[in-house]
Peer 1: 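Structure provided below as structure tokens; questions to follow.
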Amino acid sequence: MTTHSSRFVCSLTLGRALTAAGLLAAAAACSSQETPSASFAPTADRAARAYADAGRCPAAVVYAAGRDAIQVYDANNLKGGRCGRITGLVAPQGLLVDSKRNLWVVDPVNRQINKFAPGTHAPVLTLRDTGGTPNAIALDEASGTAYVTEYKNDADATTLVQVYAGGSTTPTGSLHDPAARNGGFAAVDSQGNVYVTFMTQDNKAQVDRFAAGSSNPENLGLKLISAGAIATTKSGALAICDPAAYRCGVFELGSKNISHVFGHMGMGRAGVRPDKAPFIIPEAFALDRGERHAYVAGGSVTQWAYPGPANRPNHTPQAEIKLPGFDNPAGGIAVSPASRPGAAYY
């Protein structure tokens with residue numbers, strides 16, 4: 001395994017190491033790997049190919065990250081074939097689309113986050129993570145603040161998020177939880193509150209809320225096995241993926257239990273034992289602008305009706321496609337136009 005792919009695998013272990021021994025082994029393996037000395041950016045010739053066929057893309061698209069490229073698909077016709085491609089990347093993940101349809105891509109290998117304007121050939125902005133291994137990004141566009149979750153921080157294991165305030169390209173602050181071991185994903189609501197999923201030192205999944213302007217974590221007490229992607233919703237609920245439970249779902253206001261399950265294909269399929277050999281391990285997802293569909297990354301790309309049924313899992317996606325180089329379930333996914341920051345979860 002190359003250094004690049006090894007670093008990428010390290011960022012995926014938080015949803016997999018379900019025992020204390022497993023988490024320790026994963027952390028030891030990651031700490032023993034070298035960080036690449038040379039940075040990498042899309043070259044001019046590769047960038048020229050990146051959007052060679054992007055003119056065929058409609059207004060609504062899905063970005064899905066594979067091993068070394070981001071594939072672009074029609075959000076309303078996933079099976080219609082690729083309409084665009086961003087190449088010249090190394091292990092892209094943590095994808096996010098902002099309100100202006102810019103695409104943000106986390107690069108854990110080079111410890112940076114790149115911003116691509118729609119249809120551009122190269123990053124128009126790069127954030128540098130000087131303290132650790134970035135995993136995902138969330139934006140508070142009202143304040144201009146970016147929140148970058150870290151799988152691992154070199155100086156302080158309790159650091160969950162690096163904060164980039166006021167358009168800064170280097171961290172201006174950080175968010176911590178003394179119980180943290182590995183950071184996961186983050187989301188921001190319409191009031192500027194930040195929600196972070198992570199694994200604790202005793203290998204428990206936890207979701208913290210950092211009230212707007214505060215660095216004090218509040219444990220929401222949500223019942224999860226592992227820490228996957230998170231999104232705020234217009235109803236004030238939290239949508240979260242639990243990779244180790246092989247599902248994504250909704251935590252409604254006041255509820256600590258997951259419901260309205262989607263992104264779960266393990267039960268009710270021929271030859272598959274319930275929750276033992278599922279087809280997907282959903283670590284990342286994205287909601288479309290109207291919150292009518294969820295797009296899930298989990299070894300393939302699936303489209304689901306959102307939200308799922310209230311009292312039972314939805315086992316059948318509306319569409320499923322396999323992508324070239326998409327052999328890693330946490331590669332990342334985003335949809336454009338994306339959902340807006342949701343109401344606060346109280």
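Quick note: numbers below take in every heavy atom, side chains included, and nothing from hydrogens, waters or symmetry partners.
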Peer 1: Is Val72 reachable from Val105 through a run of I, L, V, M, F, W or Y residues, each pair having side-chain heavy atoms under 4.5 Å apart?
Peer 2: yes
Peer 1: Any chance you could measure Gln318, atom CD, to Gln303, atom CD, to the nearest 0.5 Å?
Peer 2: 4.5 Å
Peer 1: Give a yes or no on whether the backbone of Tyr151 and the side-chain of Asn182 come within a donor-acceptor separation of less than 3.5 Å.
Peer 2: yes
Peer 1: Looking only at heavy atoms, what is the nearest atom pair of Leu127 and Ser168, with distance?
Peer 2: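 Smallest heavy-atom distance, with atoms named: CD2-O, 3.6 Å.
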Peer 1: Show the nearest heavy-atom pair for residues Ser215 and Pro217, with the distance to one decimal.
Peer 2: O-CD, 3.5 Å
Peer 1: Carefully, step by step, assess Ile70 and Leu89 under the rule side chain to side chain contact (heavy atoms under 4.5 Å, CB included).
Peer 2: CA-CA 8 Å; Ile70 296 173; Leu89 304 171; 3.6 Å; yes
Peer 1: Would you say that Ser226 contacts Asp242 through its side chain, given a criterion of any heavy-atom pair below 4.5 Å between the two side chains?
Peer 2: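 Yes. Closest side-chain heavy atoms under 4.5 Å.
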Peer 1: Are the side chains of Thr200 and Arg181 in touch, meaning some heavy atoms are under 4.5 Å apart?
Peer 2: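 The answer is no, as the side chains (C-beta and beyond) never meet within the 4.5 Å cut-off.
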Peer 1: Pairs in or reaching into residues 155-197: which pass disulfide (SG to SG under 2.5 Å), with residues at least two apart or in two chains?
Peer 2: none
Peer 1: Nearest 0.5 Å, please: how far is NE2 in His176 from CG in Leu160?
Peer 2: 8.5 Å
Peer 1: So, taking the atom named CG in Leu220 and the one named CG in Leu238, what distance separates them when rounded to the nearest 0.5 Å?
Peer 2: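 CG of Leu238 is found 7.0 Å from CG of Leu220.
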Peer 1: I'd like to know whether NZ of Lys223 has more than 12 heavy-atom contacts from other residues, nucleotides or ligands below 6.0 angstrom.
Peer 2: no
Peer 1: Measure across Gln162 and Ser174 and return the closest heavy-atom pair with its distance rounded to 0.1 Å.
Peer 2: OE1-CB, 3.7 Å
Peer 1: Could you tell me if the side chain of Pro108 sits less than 4.5 Å from the side chain of Gln93, heavy atoms only?
Peer 2: yes
Peer 1: Can you check whether Gly228's main-chain N or O pairs, donor with acceptor, with Thr197's side chain at less than 3.5 Å?
Peer 2: yes
Peer 1: Ile333 vs Val296, test: side chain to side chain contact (heavy atoms under 4.5 Å, CB included). Steps then yes/no.
Peer 2: CA-CA 7 Å; Ile333 195 164; Val296 178; 5.9 Å; no
Peer 1: If you apply the rule side chain to side chain contact (heavy atoms under 4.5 Å, CB included), what do you find for Asp288 with Tyr306, and how did you get there?
Peer 2: CA-CA 9 Å; Asp288 65 8; Tyr306 179 87; over 6 Å; no
Peer 1: For the backbone of Ala165 and the side chain of Thr172, can you confirm whether one donor and one acceptor N or O come within less than 3.5 Å of each other?
Peer 2: yes
Peer 1: Side-chain heavy atoms under 4.5 angstrom apart, residues restricted to Ile, Leu, Val, Met, Phe, Trp, Tyr: same cluster for Val188 and Val163?
Peer 2: yes
Peer 1: Just so I know, are the side chains of Pro123 and Lys115 near enough to count as touching, which here means a heavy-atom distance under 4.5 Å?
Peer 2: no
Peer 1: Quick one: does Glu291's side chain have a donor or acceptor within less than 3.5 Å of a partner on Lys234's backbone?
Peer 2: yes
Peer 1: Where the side chain of Asn135 meets the backbone of Gly184, is there a donor-acceptor pair that is under 3.5 Å apart?
Peer 2: yes
Peer 1: Judged by atom type as modelled, is there a donor-acceptor pair below 3.5 Å linking the side chain of Thr170 to the main-chain atoms of Arg128?
Peer 2: no
Peer 1: Do you know which two heavy atoms are closest between Ala227 and Pro243, and how far apart they sit?
Peer 2: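 Shortest heavy-atom separation between Ala227 and Pro243 comes out as C-CD, 4.3 Å.
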Peer 1: Under 4.5 Å between side-chain heavy atoms, hopping through other hydrophobics if needed: is there a path connecting Leu287 to Leu96?
Peer 2: no
Peer 1: Are Ile137 and Ile230 joined in one hydrophobic group, where the rule is that I, L, V, M, F, W and Y side chains link up if heavy atoms are under 4.5 Å apart?
Peer 2: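 No, Ile137 does not connect to Ile230 through the hydrophobic network.
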Peer 1: Is the closest side-chain donor-acceptor distance between Thr158 and Asp156 under 3.5 Å?
Peer 2: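 Yes, a side-chain donor-acceptor pair sits under 3.5 Å.
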Peer 1: Who are the ring-ring contact (aromatic ring centres under 6.0 Å, His included) partners of Tyr295, not counting sequence neighbours?
Peer 2: none
Peer 1: Are the side chains of Ile281 and Tyr246 in contact, using a 4.5 Å heavy-atom criterion?
Peer 2: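 Side-chain contact under 4.5 Å: yes.
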Peer 1: On a heavy-atom basis, which atom in Pro92 and which in Arg67 lie closest, and how many Å separate them?
Peer 2: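 It is CD-O, 3.7 Å.
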Peer 1: Count I, L, V, M, F, W, Y as connected when their side-chain heavy atoms are under 4.5 Å apart, and connections chain through other members. Are Tyr164 and Val161 then in the same cluster?
Peer 2: no
Peer 1: To the closest 0.5 Å, what do you measure between CH2 (Trp104) and CG (Asp98)?
Peer 2: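 Spacing of CH2 (Trp104) from CG (Asp98) equals 6.5 Å.
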Peer 1: Taking it one step at a time, do Leu103 and Ile86 satisfy side chain to side chain contact (heavy atoms under 4.5 Å, CB included)?
Peer 2: CA-CA 11 Å; Leu103 175 66; Ile86 303 174; 3.7 Å; yes
Peer 1: Would you mind reporting whether Phe210 and Asn193 have side-chain heavy atoms less than 4.5 Å apart?
Peer 2: no
Peer 1: Measure the shortest side-chain to side-chain distance between Phe262 and Thr302 over non-hydrogen atoms and say whether it is less than 4.5 angstrom.
Peer 2: no
Peer 1: So, does Glu141 use its side chain to make a donor-acceptor pair with the main chain of Ser99 at under 3.5 Å?
Peer 2: yes
Peer 1: Do you know which two heavy atoms are closest between Pro134 and Ile113, and how far apart they sit?
Peer 2: CB-CD1, 4.3 Å
Peer 1: CG/Leu78 to OH/Tyr73 distance, rounded to the nearest 0.5 angstrom?
Peer 2: 8.5 Å
Peer 1: Give a yes or no answer on whether the side chain of Thr169 reaches the backbone of Thr126 with a donor-acceptor pair at less than 3.5 Å.
Peer 2: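 No, Thr169 side chain to Thr126 backbone: no donor-acceptor pair under 3.5 Å.
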Peer 1: Nearest 0.5 angstrom please: Asp107 CG to Gln112 CD, how far?
Peer 2: 4.5 Å
Peer 1: Sub-3.5 Å donor-acceptor pair from the side chain of Arg101 to the main-chain atoms of Ala59, do we have one?
Peer 2: yes
Peer 1: Do Gln191 side-chain atoms and Ala211 backbone N/O form a donor-acceptor pair below 3.5 Å?
Peer 2: no
Peer 1: So, do Arg111 and Asp154 sit near enough that their side-chain heavy atoms are less than 4.5 Å apart?
Peer 2: yes
